[in-house]
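Below is one structure, written out as structure tokens; comments come after it.
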Number of protein chains: 2
Amino acid sequence: MLHLSLQQGDGVPLYLQLIQQIKHLVATGRLAPDSELPPVRVLAQQLLINPNTVVRAYRELEIAGLVYKRRGEGTYVSSRGTPYTPEECRRILAQKVEALLIEGRHLGFDEEKIIDLVRECESDLQRRARANEGVTI
Amino acid sequence: MLHLSLQQGDGVPLYLQLIQQIKHLVATGRLAPDSELPPVRVLAQQLLINPNTVVRAYRELEIAGLVYKRRGEGTYVSSRGTPYTPEECRRILAQKVEALLIEGRHLGFDEEKIIDLVRECESDLQRRARANEGVTI
DNA sequence: TTCGTTGTATCGAAACTATAATACAAAGAT
DNA sequence: ATCTTTGTATTATAGTTTCGATACAACGAA
């Protein structure tokens, strides 16, 4: 079973929350490559949101290269990586890292503390992925 | 002189861009503690946006603890840190780090590559801060 | 074919963002 | 006290984004 939970009205659009959580599930292995995502309507009903919101999330995930769709069949987790070039990937991530460092500095976290946090979060992700090994939808 | 440039219609609200860029200026030392930010009306005119938009950015920066205001005088960069407790800071950052790791994984960056990127971005920030040392508004 | 499934496209309502105009309040300078 | 400068608050309005209701189109199975 998918563990998705969206919060309405917290400032973050539903479709973005959905994208982030699906990315999370893929990254932690809870959604294996080529496994099928729930149909638009089913997921919409489970989450009590509009099918169009799911459509938008799936479409952007497809653009990002995380899923592929077959009309009349379904939406599947892509087994191939990102469609971006290595340089593009680097630039995209560097922007996010810089934002993180700035935010961290304001919260009293210097470079080393941030790196420590990165290591801890990574361990955490891996541990959670292991605990859910093999569990798809 | 402040180097602020906002882009209208790129999806990111102006007030958020303003917040991010001011955070950036503070983090890189281009805005020193206790230095004065431009008056609401002046900054609005320079950026060709509405004063209310600047008001909103300043207000949220104040809530975040980055600036303080004195009515009738102006808005100043706070010399004290965040108003959050250390645990809150940690939780806020951990969430962002986790999002970064997930994004990185999808883009082919593992933990070590991310950490390398963190070090590089930090150096970059420091270098840029040095190059602008002493330059305020 | 016909049916049921899947994703797609379009339109409208609601919420959010940005703007404008205006009036107000607090502090310092004269 | 008065003026100027600063931030604050209110109201109205337009544009954009987000979300939802509905009808449509492609694909496979019976």
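Labels below follow one simple rule: chain letters A, B, ... track the order of the sequence lines, proteins then strands, and each chain is numbered from 1.
- A sub-4.0 Å separation between OP1 or OP2 of C:dA26 and a side-chain N or O of B:Lys69 is absent.
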Checklist entry - Passes side-chain hydrogen bond (donor to acceptor under 3.5 Å, both in side chains), A:Gln126 versus A:Glu122? Steps please. => result CA-CA 6 Å; A:Gln126 287 187 4; A:Glu122 173 71 18; 2.8 Å; yes
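- For the OP1/OP2 pair of C:dT19 and a distance below 4.0 Å, the side-chain nitrogens and oxygens of B:Gln8 include at least one atom meeting the criterion.
- Side-chain N/O atoms of B:Tyr58 include none lying less than 4.0 angstrom from OP1 or OP2 on D:dG7.
- For D:dT18, the OP1/OP2 oxygens have a side-chain nitrogen or oxygen of A:Arg56 closer than 4.0 Å.
- Here D:dT8 is the nucleotide among D:dA9, C:dT17, D:dT8 with the atom lying nearest to any side-chain atom of B:Val55.
- For D:dT18, neither phosphate oxygen OP1 nor OP2 lies less than 4.0 angstrom from any side-chain nitrogen or oxygen of A:Thr53.
- Between A:Arg119 and B:Glu111, at least one side-chain nitrogen of the basic residue sits less than 4.0 Å from a carboxylate oxygen of the acidic one, meeting the salt-bridge criterion.
- Taking only side-chain nitrogens and oxygens, B:Thr75 never comes nearer than 4.0 Å to OP1 or OP2 of D:dT6.
- Scanning atom types as modelled, one donor and one acceptor separated by under 3.5 angstrom connect the side chain of B:Asn50 and the base of C:dA20.
- With hydrogens and angles ignored, a donor-acceptor pair closer than 3.5 Å exists between the side chain of B:Arg41 and the base of D:dG7.
- Considering only side-chain atoms of B:Glu73, the nucleotide from C:dT19, C:dA27, C:dT6 that sits closest is C:dA27.
- Looking at the side chain of A:Pro39, the nearest of the listed nucleotides D:dT18, C:dT6, C:dA18 is C:dT6.
- The shortest distance between the side-chain N/O atoms of A:Arg59 and the OP1/OP2 oxygens of C:dT8 is not below 4.0 Å.
- At C:dA18, none of the side-chain N or O atoms of B:Tyr15 fall inside 4.0 Å of OP1 or OP2 (strictly under the cut-off).
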